[in-house]
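Notes for the one structure printed next.
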Amino acid sequence: MIDNPNGITIDDTVVATWFERDRAHVALWMKDADGGQGQDLIADWWDEDVASLSLDGLLDPRDWHSSAFEYAASLGRLNPANRVEVERVRTGWVLVHEEEGVLLGWDRGPSYIWSEGANSDQIARGATVFGDEEHAINFVLEDMPEDEAEEMRDKLSACEFPLDVPAAGQNWPSRVSLSSIEAAGLLPETLGRPVL
């Protein structure tokens with residue numbers, strides 16, 4: 001028997017997904033009065049959980065909404081009393097170059113966008129995050145010739161930070177602000193960056 005005292009159906013919910021390189025998030029929310037994403041989170045899964053639940057067939061990438069609803073129901077999460085959970089602070093690894101600053105993203109080519117040469121919009125979006133230190137560093141090095149990669153590796157470091165910048169249209173943070181990185185003293189002092 002499903003623990004669902006309020007008779008919640010799939011039509012009362014929406015699913016939100018976010019995927020970026022080695023990061024993944026699937027969240028099942030109650031709808032708000034207008035039919036959009038409300039503030040009541042039923043269940044969510046991050047990174048390795050998304051991957052393993054997909055492999056196990058509990059979350060279906062072809063139908064995130066139905067599978068997330070069914071899995072949340074099997075966990076008893078349709079009952080609001082069962083949703084009490086300690087909020088975990090999500091973190092991500094940011095890549096710091098000793099001269100160019102923090103990796104903010106990339107354009108075609110690939111042409112990397114570092115905080116040193118970024119405009120105010122790029123800075124406001126925050127730093128790109130990775131699931132771990134190895135992925136952060138290897139992301140930039142993987143397409144470089146070996147001699148350039150070794151030289152670049154000596155100038156890179158990766159640091160873990162709490163996520164604090166939501167992507168456009170999302171309620172949860174998925175990037176790290178440069179002000180957080182600057183407060184930790186990890187931006188090169190020579191950078192001519194805008195005031196954060």
Side-chain angles (χ1 to χ4, degrees), residues 1-95 103-108 110 113 121-136 139 160-178 180:
M1 184 165 151
I2 300 292
D3 189 6
N4 186 5
N6 297 334
I8 297 169
T9 69
I10 194 168
D11 294 329
D12 299 317
T13 65
V14 295
V15 72
T17 59
W18 169 74
F19 299 93
E20 191 172 308
R21 294 169 319 285
D22 60 333
R23 304 300 314 264
H25 186 230
V26 176
L28 184 68
W29 297 85
M30 290 295 297
K31 285 183 179 176
D32 63 14
D34 297 325
Q37 178 180 316
Q39 296 296 313
D40 189 6
L41 177 65
I42 296 171
D44 70 330
W45 304 274
W46 283 87
D47 302 330
E48 294 84 16
D49 292 337
V50 172
S52 65
L53 291 169
S54 295
L55 285 173
D56 294 341
L58 297 169
L59 290 178
D60 184 351
R62 296 167 299 177
D63 187 358
W64 291 116
H65 192 191
S66 294
S67 60
F69 182 84
E70 290 170 17
Y71 186 52
S74 74
L75 297 173
R77 300 295 298 267
L78 299 181
N79 183 344
N82 296 336
R83 294 187 210 147
V84 178
E85 204 175 275
V86 174
E87 181 76 23
R88 292 186 291 169
V89 175
R90 298 293 174 187
T91 62
W93 289 80
V94 299
L95 188 60
L103 180 66
L104 301 180
W106 55 90
D107 287 327
R108 291 184 187 146
I113 301 168
D121 288 337
Q122 292 165 330
I123 288 173
R125 282 197 309 259
T128 297
V129 296
F130 299 87
D132 58 46
E133 182 176 17
E134 180 182 355
H135 281 100
F139 178 78
E160 189 173 20
F161 282 91
L163 304 179
D164 62 355
V165 178
Q170 295 179 343
N171 293 330
W172 60 88
S174 57
R175 293 178 146 240
V176 176
S177 67
L178 263 63
S180 294

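Remark: Trp45 CH2 to Ser54 OG distance equals 10.5 Å, nearest 0.5 Å. Put simply, NE2 on His65 and CG on Leu59 are 12.5 Å apart, with the number rounded to the nearest 0.5 Å. To the nearest 0.5 Å, atom CD of residue Gln122 and atom OG1 of residue Thr128 are 10.5 Å apart.
In terms of modelled atom types and a separation under 3.5 Å, the side chain of Lys31 and the main chain of Asp11 share a donor-acceptor contact. The main-chain N or O of Arg23 is never found under 3.5 Å from a side-chain atom of Asp47 such that the two would form a donor-acceptor pair. In terms of modelled atom types and a separation under 3.5 Å, the side chain of Asp56 and the main chain of Leu58 share no donor-acceptor contact. No donor-acceptor pair under 3.5 Å is formed between the side chain of Asp60 and the backbone N or O of Ser67. Here the side chain of Asp34 pairs no donor or acceptor atom with the backbone of Gly36 at under 3.5 angstrom.
Listed here is the closest heavy atom pair of Phe69 and Ile8: CZ-O, 3.6 Å. Among all heavy-atom pairs drawn from Leu78 and Asn4, the shortest one is CD1-ND2, 3.7 Å. Nearest heavy atoms, Pro162 versus Val176: O-CG2, 3.7 Å. Taking every heavy atom of both residues into account, Val129 and Gly92 meet most closely at CB-CA, 4.0 Å. Smallest separation of non-hydrogen atoms from Arg175 and Glu20: NH2-OE2, 4.0 Å. In plain terms, the two heavy atoms of Ala127 and Leu104 that are nearest each other are CA-CD2, 3.8 Å.
Counting heavy atoms of neighbouring residues, nucleotides and ligands inside a 6.0 Å radius, atom CD of Glu160 exceeds 12 of them.
Ring-plane geometry between Trp18 and Trp46 is classed as perpendicular, the angle between the planes exceeding 60 degrees on a 0 to 90 degree scale with a lower cut at 30.
Not a single salt bridge (charged side-chain N to carboxylate O under 4.0 Å, His left out) links Asp32 to another residue, sequence neighbours left out. Every side chain to side chain contact (heavy atoms under 4.5 Å, CB included) that Asp40 has, sequence neighbours left out, goes to Met30, Arg83. Residues passing the side chain to side chain contact (heavy atoms under 4.5 Å, CB included) test with Ala16, sequence neighbours excluded: Trp29, Gln37, Trp172.
Ring-centre distance between Phe139 and Trp93: not below the 6.0 Å cut-off.
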